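Please see the structure below; I have some questions.
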Amino acid sequence: MSNHQELLIRTPDDFSFPENLEYLSRSADECMFHIQDSRVTRAIEVDGKPVLFVMEENPDGILVTLTGEGDEVKAGVEQFVRDWLDLGRDLMPFYELGERDPLLREAVRRHRGLRVVGIPDLFETFVWAILGQQITVAFAYVLKRRFVETFGQAIEADGVIHYLFPSAEKVAGLDPEALRELKITGRKSEYIIGIARLIAAGELTKEGLLALGDDRTVEHRLTAIRGIGPWTANYVLMRCLRSPDAYPAADVGLHNALKLVAGLDRKPTLPEVEAFAEPWKGWRAYATFYLWRYLSSESEQG
DNA sequence: GTCCAGGACTCGC
DNA sequence: GCGAGTCATGGA
């Protein structure tokens, strides 16, 4: 196979491939990549063309094998993986904070090396966040899979079908009824198509949002869009725009995690949720992500 | 049957 | 500006 290339991405000391793999493995309904034998296979688009790559742990970092020729493709895949796993971030300040903080300590110790796994594509992040509003994560995965399998581009390799996330352009032209058939609620269908149209029209871009600067400005811009409330805006800031401090304070999973680590006999109130996070300022997205992870690892043990 | 899930909108006051 | 009702599906 002459069109394969290898790429070794060196990872920082505070990166754990198994911890991130564990997070990526959390749903059998995940459709944007496949995991087998500790190897992750995924299709992405680089310069408008589909590229398939496999990543696996290596003594020196992450070994990536990709299909496609040329340095541009290789660079595109490397950039994607770096963004996906937030490899450019130094977590030492967060770990020092975690050691001092009784609410975070156990989560940080247990899952050290975990990154806020990102969703590099803006449209995908919005769709995933909107689908996840008010329903269980498990059901959100089912809805995402239906959506991707129905509207995404399929790429077959070695008997396995991989998907590119549906483009905003394609979804912009859909009727809400087409999403309703997948059991996505009518309102969410409208939200998703509305966002797709803004993105397809170039009125909403990742670069444009990043250029706004601080989180509060982005949140204000996003919550002006129908279907985007404070939770979704902060979720997008965390997973796509890479703010380490975004804080989805209304998140039910966060509330349950805080109830657990703070030893409460009820869920915390919103003021309490804000107060708990006061010492985490600068790292609230990381704190949230670790608490989510901690909560799911606790509930797995029954 | 009831309640809850990684919320947001709409309406009435 | 704030509280209650509504959306809609699926699992416990």
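Given the structure is predicted, the values throughout are model-derived calculations rather than measurements. Throughout, protein chains are lettered first and strands after them, A, B, ... in sequence-line order, and every chain is numbered starting at 1.
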Atom-pair distance (CZ on A:Arg180; C1' on C:dA8), nearest Å |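 Value for this atom pair: 7 Å.
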Rounded to the Å, how far apart are A:Ile195 CD1 and B:dC9 C1'?
-> 14 Å
Check the distance between B:dC9's P and A:Ile130's CD1 and give it to me in whole angstrom.
-> 10 Å
Charged N to carboxylate O below 4.0 Å: is that the case for A:Arg284 and A:Glu278?
-> no
Are the aromatic rings of A:Phe33 and A:Trp84 close, with centres under 6.0 Å apart?
-> yes
C:dT9 OP1/OP2 closer than 4.0 Å to side-chain N/O of A:Arg146 = no
CG of A:Leu254 versus P of B:dA5: gap in Å, rounded?
->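 Result: 13 Å.
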Protein-nucleotide distance (A:Lys188, atom NZ; C:dG10, atom P), rounded to Å | 12 Å
Can you tell me if A:Arg89 uses its side chain to pair, donor with acceptor, with the backbone of A:Arg242 under 3.5 Å?
-> yes
To the side chain of A:Ile135, which of B:dA5, C:dG10, B:dC9 is closest?
->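 So the side chain of A:Ile135 is nearest to B:dA5.
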Centroid-to-centroid, A:Phe165 to A:Phe147, below 6.0 Å?
-> yes
Tell me, which stems hold DNA chain B, with a stem being 3 or more Watson-Crick or G-U pairs in a row and both distances under 3.5 Å?
-> B:2-5 with C:9-12, B:7-13 with C:1-7
Sticking with atom P, work out how far B:dC11 lies from C:dA8, rounded to a whole angstrom.
-> 15 Å
What distance, rounded to whole Å, do you find between the two P atoms, one in C:dC2 and one in B:dA5?
->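 Those two atoms are separated by 24 Å.
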So, is A:Asn256 near the phosphate of B:dA5, with a side-chain N or O under 4.0 Å from OP1 or OP2?
-> yes
P spacing across the pair C:dG5 / B:dT2, given as an integer number of angstrom =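 It works out to 15 Å between them.
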Tell whether A:Gln133 reaches the base of B:dA8 with its side chain through a donor-acceptor pair below 3.5 angstrom.
-> no
Within the pair A:Thr185 and C:dT9, is there a side-chain N or O less than 4.0 Å away from OP1 or OP2?
->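 No, no such contact exists.
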Any salt bridge between A:Asp29 and A:Arg146, counting N to O under 4.0 Å?
->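 Between A:Arg146 and A:Asp29 there is no salt bridge, as every charged N stays at least 4.0 Å from the carboxylate O atoms.
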Between A:Lys267 and A:Thr223, just flag the one whose closest nucleotide in DNA chain B comes earlier from the 5' side.
-> A:Lys267
Could you state the atom-to-atom distance from CD of A:Glu190 to C1' of B:dA8 in whole Å?
->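 Going from A:Glu190 (CD) to B:dA8 (C1'), I get 12 Å.
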How would you label the contact of A:Pro230 with the nucleic acid (heavy atoms, under 4.0 Å): base, sugar-phosphate, or nothing?
-> sugar-phosphate
Correct closest heavy-atom pair for A:Ala246 and A:Asp215 would be N-OD2, 3.7 Å
Between A:Ala138 and A:Arg226, which is nearer to the 5' end of DNA chain B once each is assigned its nearest nucleotide?
->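 Mapping each residue to its closest nucleotide by heavy atoms, the 5'-most match is A:Ala138.
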Gap between atoms CD1 and P, on A:Ile225 and B:dG7 respectively (whole Å) | 19 Å
Which part of the nucleic acid does A:Thr288 contact within heavy-atom distance under 4.0 Å: base, sugar-phosphate only, or nothing?
-> nothing
Could you tell me whether the side chain of A:Asn20 and the main chain of A:Val117 form a donor-acceptor pair under 3.5 Å?
->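 Such a contact is absent between A:Asn20 side chain and A:Val117 backbone.
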Between C1' of C:dA8 and CG of A:Leu182, the distance in whole Å = 14 Å
Pairs meeting criterion side chain to side chain donor-acceptor pair (under 3.5 Å) with involvement of residues 188-205 of chain A, two or more places apart |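 Matches after skipping sequence neighbours: A:Glu190-A:Arg226.
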